[in-house]
Amino acid sequence: MRIALTSPTTLTLNILQTDTRAVANYYAAALHLCFHQIPTSYSLTRTVHAHMITSGFNPRGHILNRLIDIYCKSSNLFYALHLFDNIPQPDIIARTTLITAHSAAGNTKIAKEIFDGTPLSMRDRVCYNAMITAYSHSCDGNAAMELFREMRLLGFQPDNYTFTSVLSGLALIADRETHCQQLHCVVLKSGTGFVTSVVNALISVYVKCASSPLVVASSLMSSARRLFDEMPVKDELSWTTIITGYVKNDDLDGARQVFDGMDVKLVVAWNSIISGYVHKSFLHEALRMFREMHLLGIKQDEFTYTSAFSACSDGRFYRLGKQLHGYIIRTENCPSQEFLISVNNSLISFYSKCGMVDDAKKIFDKMEVRDLVSGNAVLSAYVNAGRINEARSIFSKMPERNLLTWTVMISGFSQNGFGEEGIKLFNQMRSNGLGPCDYAYAGAITSCSVIAALEHGRQLHAQLIQSGFDSSLSASNALITMYARCSVIEDASLVFHTMSCVDSVSWNAMIAALGQHGKGAQALELFNQMLKEEILPDRITFLTILSACSHAGLVREGRHYFDSMHDLYGITPGEDHYGRLIDLLCRAAMFSEAKDVIDMMPFEPGAPIWEALLSGCRLHGNVDLGAEAAERLLELTPHHDGTYVLLANMYATAGRWDEMAKVRKLMRDRGVKKEPGCSWIEVENSVHVFLVNDIEHPEVQGVYEYLKELLPKMKKLGYVPDTKFALHITESEQQESNLSTHSEKLAVVFGLLKLPVGATVRVFKNLRICGDCHNAFKFMSLVVGREIVVRDGKRFHHFKEGQCSCGNYW
DNA sequence: GTAGGGTTAG
């Protein structure tokens, strides 16, 4: 008999004897050689196995087990299983081998079948260990825990392996303090409390349990720390487990303390701390450590770089990010594929977040190998830049998608006003078998608010509750806005007031809901309540507040809040805030004050400022100032059609028809498609157009006459509020008031009244139904005795018998 | 044991 290993993959087989015992020994030795070449020994093993078959040798017992083991370990489960199935009475070793192999291959179900098929009398500790590992591996912590209990009840003594597996399984379901402590006791009693791997696993359970929202993190982290401090032997894992534990529990000082005590600081530890600083937005500190690491000559890896780019995505560090990009290209001579994918992915997101979408796309295009994250990153780059068509095209070409991909696209649609497509995509995602997460729900709900699909929104709300996501902040915040935009402000309020925890987004949403419904005073009341509860207002809160003041004509209050923004809350007003302030002043016809604000602004006025001024001038027919604003606006954004429309309407409001005619000629010459002061009403594919401010237009004349007639009746029935309401019909009435009900809307009503009952009506354009308009519509429905339905791109309103409801329409 | 891709408010 001769066995020779001539090369790593060749085995010379030579059988000279027929003594079965000797043959068995011979094969055992051959398999021993194969075993030591796992995982590349597959063909070698096949040769030995084939040899057995041709020579009539029937492998049994430990030889068969070894063969199964090798097949399993060299990723050939198929052969292993085939062999196993032909064993009349497989012993515990064969079974355990297969359980381990199936578990490693991710097939817990088969592992469980084998385990369940193993008689109790045959089971041993190793077999239990294997099955517990299988459960932990498949993230089934409960099953792991249960089997651990069963094992102990049956009198098996757990060992290191048992504890490590059951602890790693338990880490998945760690949300109960008692669980950890019980297991801790068992570990101590078993005498394995000094084994490094077991203590590491125990620390890991404490750490994960501390991250659970249901427990007090600090005491669990202290237990973990005590375990760590008392460990007789610490390995790399011990250090990183405790450091990342602190980082995950937002205790960067704790992490830092342990980190500083490390003799040899591991790259993983650096990375973990740096990423912690980035997540907590301590960007300077993150970058400081990054630099320190670099100066100390520690080799930085893809994890370090991705955190660094994430820090640089803030915009303040754009140049640094660019430099780092160049540095990596220069110094990484032979980067691995993993390195390239990770770093490029983070570069895509870096460039995109700094507003350089095309640079982000360039990185994506240049990548030789991409993964799902690359696709998602470039998709969200386009979505955030509002380039929805490019996003759509990326989405359709993506070779694989996950929940995140769908969520990005759904919210991309909703953010860009494509509500129907958002809802459609959400449904498609579900029919593809992907369970929505709360972010996806938030996107779908926002889609509903975009098209005012109240009934659909209500259904989603119900499903949200059913699937247990109703505690989700983002979904609830989206619900507030959905109900508000569908004019069911009571439901918006109900969602807000029943939320178990709210954030500034929730407050902003609710304040905006009130402000948009003309309830300016209530909006301010809620804002003050927010301050009382010590929630810090942010930039958006102030935008909302300024709008609310503007709509309610609360000039003094608006100015006060504008000033307090900087003085009390340290928020520097941006151009958008100045825009709202100017809007506020102009609506109150305080033009010289508005002009003063523009002159004193710390930056050059841009398009939003001039636009606010122009709209104010349009409202009051302030032709001179308006013309100046329009001129500036046309210099800055020459292709923006809205400017022409505003300008034309301004002249119309002032009754300067010659100038208006000039603007309209200009519009025709420059190919502007929009009509000044128009509303479109589409009825079963035909479109009626009403030119509202063009007094000479016969349809508009009709509207004006009609409204003039109705106004006294409205006042009599109380549909006109006491103050600050005006139908935009006569010059004198306009001057009386700070506000104007958009005459476009009234034109729409006028048009609707002439339509057959039940006709499908879609109203395009940005016709927001403010509180005043609401009253006018209610009144119309009462007077003319028919239902009026308005879909204004944002909301859906159903007026009937002098009331408005927005339900039961979709 | 570490990273990179998401949401909601104007």
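Everything numeric here is computed off the predicted structure, so don't read it as measured data. So you know, we letter chains A, B, ... as the sequences are listed, proteins then strands, and number each from 1.
The interatomic distance linking A/Arg539 (CZ) with B/dA9 (P) rounds to 17 Å, in whole Å. The OH atom of A/Tyr483 sits 15 Å away from the P atom of B/dA9 (whole-angstrom rounding). A/Ile243 has its CD1 atom 14 Å from the P atom of B/dG1, to the nearest Å. Atom-to-atom, CD1 of A/Ile410 to P of B/dT8 comes out at 11 Å; the value is rounded to the nearest Å. Atom CZ in A/Phe259 sits about 14 Å away from atom C1' in B/dG1, given to the nearest Å. Separating the CE atom of A/Met499 from the C1' atom of B/dA9 is a distance of 11 Å, rounded to the nearest angstrom. Rounded to whole Å, atom P of B/dA9 lies 8 Å from atom CG of A/Asn477. In this structure, CG of A/Leu460 is placed 14 Å from P of B/dT8, rounded to the nearest angstrom.
No hydrogens or angles considered: a donor-acceptor pair under 3.5 Å links the side chains of A/Arg225 and A/Tyr246.
In this structure, A/Trp406 has its ring center at least 6.0 angstrom away from the ring center of A/Phe426. Proximity of the aromatic rings of A/His294 and A/Tyr327 is defined here by a centroid distance below 6.0 angstrom, and this criterion is met. In this structure, A/Phe496 has its ring center under 6.0 Å from that of A/Trp507.
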Verdict with supporting geometry, A/Trp239 and A/Phe259, ring pair (Phe, Tyr, Trp, His ring centres under 6.0 Å): CA-CA 8 Å; A/Trp239 287 96; A/Phe259 178 79; 9.6 Å; no

Stepwise ring pair (Phe, Tyr, Trp, His ring centres under 6.0 Å) check, A/Tyr483 with A/His461: CA-CA 10 Å; A/Tyr483 283 125; A/His461 190 172; 5.7 Å; yes

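A/Asn344 comes within 4.0 angstrom of no nucleic acid atom, judged by non-hydrogen atoms across all strands. Residue A/Leu266 is classed as a base contact, given a heavy-atom separation below 4.0 Å to a base. Contacts of A/Arg580 with the nucleic acid, taken as non-hydrogen atoms under 4.0 Å apart, involve only primed sugar atoms and P, OP1 or OP2.
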Heavy-atom protein contacts under 4.0 Å, nucleotides 2-7 of chain B, coded B base, S sugar-phosphate only, - none: BBBBBB

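Side-chain contact between A/Ile242 and A/Leu227: absent, with no pair of heavy atoms (C-beta onward) separated by less than 4.5 Å.
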